[in-house]
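Sequence lines set the chain letters: A, B, ... in the order given, protein chains first and strands last, and positions in each chain run from 1.
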Amino acid sequence: MKTNDIVQVLVFFILLIGLAPLLGRYMARVFTGESTLLSKLLAPLEKAVYRSGGIQPNEEMSWKQYFLAVLIFNLVGIASFWGIMMTQAWLPLNPMKMGNVPWDLALNTAISFITNTNWQAYSGENTLSYFTQMAGLTVHNFLSAATGIAVLLALARGMRRATVQKLGNFWVDVTRSTIYVLLPLALCMAVVLAGQGVTQTLSAYAEAQTLEGAKQVIPLGPTASQVAIKQLGTNGGGFFGQNSAHPFENPTPLTNFIEVFGLLIVAASLVFTFGLMIGDRRHAWCIFSVMLILLAGSFAVAWWAESQPNPVTANVLPQLEGKEMRFGVMNSVLFATATTGTSCGAVNSMHDSFMPIAGMMPLWNLMLGCIVFGGVGAGLYGMLMHVLIVVFIAGLMVGRTPEYLGKKIQAWEAAWAIVAILLPNILILVGSAIAVSVPAGLAGLGNSGPHGLSEILYGYSSCAANNGSAFAGLSANSVFFNLSLGAAMFIGRFGCIFAVLAIAGSLAVKKTVPASPGTFPTDGLTFTLVLLGIILIVGALTFFPALCLGPIVEHGLMVSGRAF
Amino acid sequence: MTKLIMQSLRLTLAFTVLTGLAYPLLVTGIAKAFFRDQANGSLVSRNGRTVGSALLSQKFEGQRFFWPRPSASDFGAVPSGASNLGPTSQILQSNVLARVQAFRGAHAMSGSASVPADMVFQSGSGLDPHISPLSAELQIHRIAGARKTSDSALAALVARFTEPPQFGFLGEFRVNVLLLNLALDQEPKVGSDVH
């Protein structure tokens, strides 16, 4: 552990804690329709989008209408994106003459990007045309992130409003998220990235003759514009197969810092946006603290584990398998835990090659459902499901009807919160169980022994939680994995969104009751600790057996020098 | 329902124009105006011919050059790749042992001398352009022999090409192998008497 590493960590967390409330306040102004610095510039653009979409921005939606709009918009997105990939050979901006993408890979990729997962069973540089990267991937990086924010906004309104049916307008929420938040941030970030060496061109790949006389093809493309939103929107799908480990996607320590920061900042800020929208900033700080503790905890454990020697590989240190020299161990571990705490899934090192316990921490973050800041919007609404459970349990313990933000929490809310929490867990465990039982699943393994189980567990955890990172030794481009992981992504995403909107709709129609002495306060230390405890207990009870058979037993075997 | 589908289609189209065409083209325009070389892949030429990218590793096996980190894709860039071998992989184990032996053998190191991790572990991208300063230093004597030059001249060159952490605190000390090797060929004291 070098001083340099500690300085980087401190600067990182101080900036995060300092800037998140500021961006949170800006977003709160945007989403409540107040004017901001950018309004003059961007309002005409917003109006133009409404006009071209035939949208009446003042028409509000009930929770069912809101869900239907989410679903149809996303299904149309899947269909159109699927179509682009399967016809890219005949479309423009294809200087490398990429062929059409096979149907199952294209379907998996379409679902993957629309659900903000960005699982990739291919490498962009030998599969996708520039048109597909721009008009497909980049577009849905924006829209899937905006969809996550929109659902969170609907939930916040349901909590804040009383005795109404309406939760806002989905089209407006998506449009405002994209135009006022994601687009300006992405534009700034993309320009900085390009200045550091991330490629941004529409030219065909370059050819070089190396100093030793060999031919080297140098892949290029409009990378910076896609990488910026891939981080900010917690999407994570790389322009190149090696994602942010690739020097053209993440060329310098500065770009690395910006990329880790970028993948956390919007999600972290949304906690404060939420606090302002419900009028309870102390509550927002409690939730933020829990997220920060979970992130710092998984980072610390992973960093420790990744700094240990491995007798299997002759105790050579530092552990640089799958890592880049310019980042080193600390920056790789920080990126890995941040990208899995959020649902980003971009990687700057290969998680598959991490020490068993270091690889377990990203996996653990996925199993918790990517709620450590989480996917933009999605992480916080996932966290709020846990909050409802906490309030419900606390209420039952003192024998009173539980309340949250002045709303009674009853069977309907508790039941749907449980659905939202358990659904991804079921997808992970059942999906993995099937995959390890059938030849088509085992055929994909890149490593044997307990590490093989970790690869499969990681794949289903990543997809169910809409993360998209991988233990990439798993060869997932087969019909079996493309379809089963595609289903996990789809159900994990829209199942949770349905549950969240069902709760939002039910809360919106309830009356707000004033807090009484029996109300469990949700803005103090007790609440913070109980929330942390519930998250850890639910996660541990569900996944401890599976983790024992994977990374934990592998750790024991590794220490005794056993290899497979 | 038809109304929803039509709205979805029209909005998807509008956002495709905005975020899928206008935005990337705007970034391309800005990048090409201000950072032309970087946007085009940081290509490096010598005598008017492209010899590689300053950001991508390329294969060096000859005795006259510094060697880069081992690459899982054998320095292929379309696509590149990592080993993705886990910590208890037998394949990783034998690869590491073989690379340790090979590096020691090529650099006249004793059987117990430790070899830097970046020379035995494959990178994440398969195209990592950097090695550690220590790995460069250990290779100096071999290259000086092949180029009939002094160790100290090469040590000075390595020192010149050692990049510190960015802004003094971000990232690691590192040496760009391609740029260092290009300098080797160009340095009159180092390269002139070889051919």
Side-chain angles (χ1 to χ4, degrees), chain A residues 7 49 52-54 72-73 76 123 125-126 134-135 138-139 142 190-191 194-195 197 199-201 208 210-211 216-220 222 225 241-242 245-247 251 253-254 257 310 312-313 316 318 320-326 328 349-350 352 355 446-447 449 451 472-473 554 558 563-564, chain B residues 4-5 7-12 14-16 19-20 23-24 27-28 30-31 35 38-43 50-53 55-56 58-60 62 77-80 82 84-90 92-93 96 117-118 120-121 123-125 127-130 165-166 169-172 174 181:
Chain A
V7 174
V49 169
S52 54
I72 299 294
F73 183 60
V76 165
S123 284
E125 60 269 42
N126 67 349
M134 288 161 58
T138 305
V139 171
F142 278 100
V191 170
T199 62
Q200 183 70 27
T201 174
T210 68
L211 295 196
Q216 188 184 33
V217 178
I218 297 175
L220 299 169
S225 51
Q242 295 314 101
H246 199 292
L254 175 65
F257 190 88
N310 177 358
V312 174
T313 51
V316 178
L320 287 179
E321 184 69 29
K323 296 192 188 67
E324 298 286 292
M325 204 53 228
R326 59 196 179 282
S349 59
M350 298 303 117
D352 212 346
M355 295 292 98
N447 284 279
H451 201 78
E554 189 191 12
M558 181 196 79
F564 297 87
Chain B
L4 267 182
I5 294 173
Q7 284 175 322
S8 296
L9 277 170
R10 290 166 64 176
L11 269 184
T12 303
F15 279 119
T16 302
T19 63
Y23 157 72
V27 176
T28 308
I30 298 173
F35 315 112
Q38 294 93 318
N40 288 336
S42 308
L43 300 178
T50 306
V51 294
S53 162
L55 293 177
L56 303 187
Q58 57 181 245
K59 197 171 195 164
F60 286 106
V78 187
S80 63
N84 280 307
L85 294 170
T88 53
S89 157
Q90 263 171 8
L92 180 64
Q93 182 173 45
V96 163
D118 52 308
V120 302
F121 288 129
S123 63
S125 61
L127 297 169
D128 190 347
H130 299 109
Q166 213 170 357
F169 74 104
L170 284 177
E172 306 281 322
R174 60 207 186 277
N181 282 335

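Of the listed residues (B:G62, B:A31, B:G86), the one with the most heavy-atom contacts under 4.5 Å to chain A is B:G86. Interface remark: of the candidates A:V49, A:T138, A:I218, A:I218 forms the most heavy-atom pairs closer than 4.5 Å to chain B. No other option in B:L56, B:N181, B:I30, B:V120 has as many heavy-atom pairs under 4.5 Å with chain A as B:L56. Comparing A:K323, A:M558, A:H246, A:M355 by heavy-atom pairs within less than 4.5 Å of chain B, the highest count is held by A:K323. In terms of heavy-atom pairs under 4.5 Å with chain B, the best-connected choice from A:S123, A:A190, A:G446, A:A472 is A:A472. By number of non-hydrogen pairs under 4.5 angstrom with chain A, the leading residue of B:A82, B:P24, B:S42, B:A14 is B:P24. For chain B, the option among A:A245, A:G195, A:G473, A:G241 with the highest count of heavy-atom pairs below 4.5 Å is A:G195. For the set B:L9, B:L43, B:L127, B:T19, the entry with the most heavy-atom pairs within less than 4.5 Å of chain A is B:T19. Contact tally against chain A (heavy-atom pairs below 4.5 Å) for B:L4, B:T12, B:V96: the top residue is B:L4. Of the listed residues (A:P251, A:G54, A:A563, A:G449), the one with the most heavy-atom contacts under 4.5 Å to chain B is A:A563.
B:T28 places no side-chain N or O within 3.5 Å of a backbone atom of A:Q200 that could act as its donor or acceptor partner. Side chain of B:R174 to main chain of A:M325: no donor-acceptor pair is present (N/O by atom type, distance under 3.5 Å, no hydrogens or angles). B:E172 places no side-chain N or O within 3.5 Å of a backbone atom of A:G328 that could act as its donor or acceptor partner. Not a single donor-acceptor pair under 3.5 Å links the side chain of B:H130 to the backbone N or O of B:L55. Judged purely by atom type and a 3.5 angstrom limit, B:Q166 uses its side chain to pair as donor or acceptor with the backbone of A:L254. Checking side-chain atoms of B:S125 against main-chain N and O of B:D128 turns up a donor-acceptor pair under 3.5 Å. In this structure, the side chain of A:N447 does not engage the main chain of B:L85 through any donor-acceptor pair within 3.5 Å.
In this structure, the portions of A:T201 lying under 4.5 Å from any heavy atom of chain B include both its backbone and its side chain. Contact of A:F257 with chain B is made through the side chain alone, with heavy-atom distances under 4.5 Å. For A:V191, the parts lying near chain B are the backbone and the side chain together; criterion is any non-hydrogen pair under 4.5 Å. For A:Q242, the part lying under 4.5 angstrom from a heavy atom of chain B is the side chain only. Residue contact with chain A, scored on non-hydrogen atoms closer than 4.5 Å, involves the side chain of B:P165 exclusively. Residue contact with chain B, scored on non-hydrogen atoms closer than 4.5 Å, involves the side chain of A:F142 exclusively. Heavy-atom distances place both the backbone and the side chain of A:I72 under 4.5 Å from chain B.
Applying the side chain to side chain donor-acceptor pair (under 3.5 Å) criterion to B:S89, with sequence neighbours excluded, gives no partner residue. Legend: residues meeting salt bridge (Lys or Arg N to Asp or Glu O under 4.0 Å) with A:E125, ordered by chain and number and at least two apart, are absent.
There is no side-chain donor-acceptor pair under 3.5 Å between A:S349 and A:E324. B:T88 and A:E554 form a side-chain donor-acceptor contact under 3.5 Å, judged by distance and modelled atom types alone.
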